[in-house]
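Ligands are counted one by one from 1 in listed order, and the atoms in each one are counted from 1 as well. This one's a predicted model, so the numbers in the text were calculated from it and none came from an experiment. Start at 1 with the first residue, then count along the sequence.
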Amino acid sequence: MTSWYSMPTARDWTCPPSPGDAHAFHQSLPGYSPTPLVPVPELATELGVGRLLVKDESSRLGLPAFKVLGASWACRQVLRERPGAMLVTATDGNHGRAVARMAAHFGVAATVFVPEVMLPQTAARITAEGAKVVWVDGGYDDAVRWAAAFAADQPGRALVQDTAWAGYEQVPAWIVQGYQTLLDEIDTQLGGAPDLVTVPVGVGSLAEAVVRHCRRPAAAHPGVLSVEPDTAACVLASLTAARPRYGQFCAPAATRPSPSATRTHCAPWPTSAGSASPRA
Ligand SMILES: Cc1ncc(COP(=O)(O)O)c(C=O)c1O
């Protein structure tokens, strides 16, 4: 089922941009190069638009997704504050593999909590990065709760999670900052602003980075179209309710770190709310 939400006034809304320090750090990493911006003329014709370009993140710093841009910057920032800490996280795949890769890069240990639905081959790729993988009896949110509790249990452990909740906002903010590199690359490759940016939503970090970039003051404000699965549509639910909505993914209160640790809602309200639409 497809549901739409449109907010034409969103383009006038502004918010502070993400600080851009991460780009220089990414350029210092082995194997860094901008990923391609690939034209897809057939789809442009089908949709009746002038030009359609895809930012191809299938090979980013040697990994198959953009998540390493956020994870690498956050790991760097965390280890600056807590040198030698074991990095701890929960994942559905890409984020955890990126944290494991960065732990090996910085020479520290990593423990990655994964939901029971994860494919064994996905977990094996995280193990192959040198991390310890812990399977959780439950879903993604349970894995996040276990990772947070495990990290809090000993001083030498640091949680690097892309999901945010009250009291845990700095690390998710660093992850959003890491994605600024991708947006800087697009600006350089495109030589100007697009008319519309479409962004997929999981925990919402990439969408927040896109909104911060496309709603920064004194810059072009292209349309932003966010797309999320109808099985985890917290952004749509939040926009429709005009307040943060936390998905049915919340487990019993006793076991969750905080009410806001839900699968798909991490952008602090109203950072993304005023601008995720207009949707076409
Ligand atoms: C390939 C891919 N695309 C999109 C997303 C969604 O990104 P975010 O979780 O920052 O919303 C993810 C999240 O894991 C991903 O792995």
Side-chain angles (χ1 to χ4, degrees), residues 18 22 26 35-36 38 54-75 89-102 112-115 117-119 121-123 125-126 129 131 139-141 143-144 147 159-165 168-169 171-183 186 197-214 224-239 244-247 249 260-269 271-273 275-277:
S18 270
H26 289 137
T35 55
V38 182
V54 173
K55 184 69 170 159
D56 177 358
E57 290 292 315
S58 58
S59 178
R60 173 63 83 170
L61 290 165
L63 290 176
F66 65 89
K67 298 294 278 191
V68 65
L69 287 173
S72 58
W73 180 242
C75 290
T89 195
T91 189
D92 264 339
N94 288 320
H95 171 72
R97 185 172 176 195
V99 170
R101 171 73 61 100
M102 294 317 297
V112 180
F113 289 76
V114 304
V117 292
M118 179 175 281
L119 297 173
Q121 52 268 42
T122 306
R125 284 191 278 271
I126 300 172
E129 301 290 348
Y140 172 84
D141 297 310
V144 171
L159 185 67
V160 183
Q161 198 61 53
D162 51 352
T163 306
W165 54 82
Y168 188 77
E169 286 116 349
V171 173
W174 282 328
I175 286 174
V176 171
Q177 290 168 16
Y179 298 148
Q180 185 59 37
T181 296
L182 184 157
L183 297 158
I186 291 173
V197 179
T198 302
V199 57
V201 174
V203 297
S205 310
L206 182 63
E208 182 180 338
V210 167
V211 166
R212 283 186 176 279
H213 189 65
C214 297
V224 175
L225 171 63
S226 65
V227 182
E228 59 189 346
D230 59 6
T231 50
C234 283
V235 172
L236 180 66
S238 299
L239 288 171
R245 295 299 309 281
Y246 308 114
F249 315 100
S260 64
T262 59
R263 165 80 173 86
T264 61
H265 184 75
C266 83
W269 181 265
T271 300
S272 59
S275 57
S277 299

dist Leu182:CG -> Lys55:NZ (nearest 0.5 Å) comes out at 5.5 Å

May I ask you to list the atoms of ligand 1 that are less than 4.0 angstrom from any heavy atom of Asn94?
-> 1 (C), 15 (C), 16 (O)

Can you tell me if Ala207 has a non-hydrogen atom under 4.0 Å from ligand 1?
-> no

Those atoms of ligand 1 less than 4.0 Å from some heavy atom in Val201 = 11 (O)

Leu236 backbone acceptor or donor facing Glu228 side chain under 3.5 Å = yes

Say whether, by atom type as modelled, one donor and one acceptor occur between the side chain of His95 and the main chain of Val160 under 3.5 angstrom.
-> yes

Do Val114 and Thr91 touch side chain to side chain, with heavy atoms closer than 4.5 Å?
-> yes

Should Asp92 be listed as contacting ligand 1, given a heavy-atom distance under 4.0 Å as the test?
-> no

Region of Lys67 that comes within reach of ligand 1 [heavy atoms, distance under 4.0 Å] | side chain

Could you tell me whether Arg212 and Glu208 make a salt bridge, using a distance below 4.0 angstrom between a side-chain N and a carboxylate O?
-> yes

Check: of Val199, Leu206, Val176, min heavy-atom distance to atom 10 (O) of ligand 1 comes from Leu206

Are side-chain N/O atoms of Ser18 and Gln177 paired as donor and acceptor at under 3.5 Å?
-> no

For ligand 1, find out whether one of its N or O atoms is nearer than 3.5 Å to an N or O atom of Phe66.
-> no

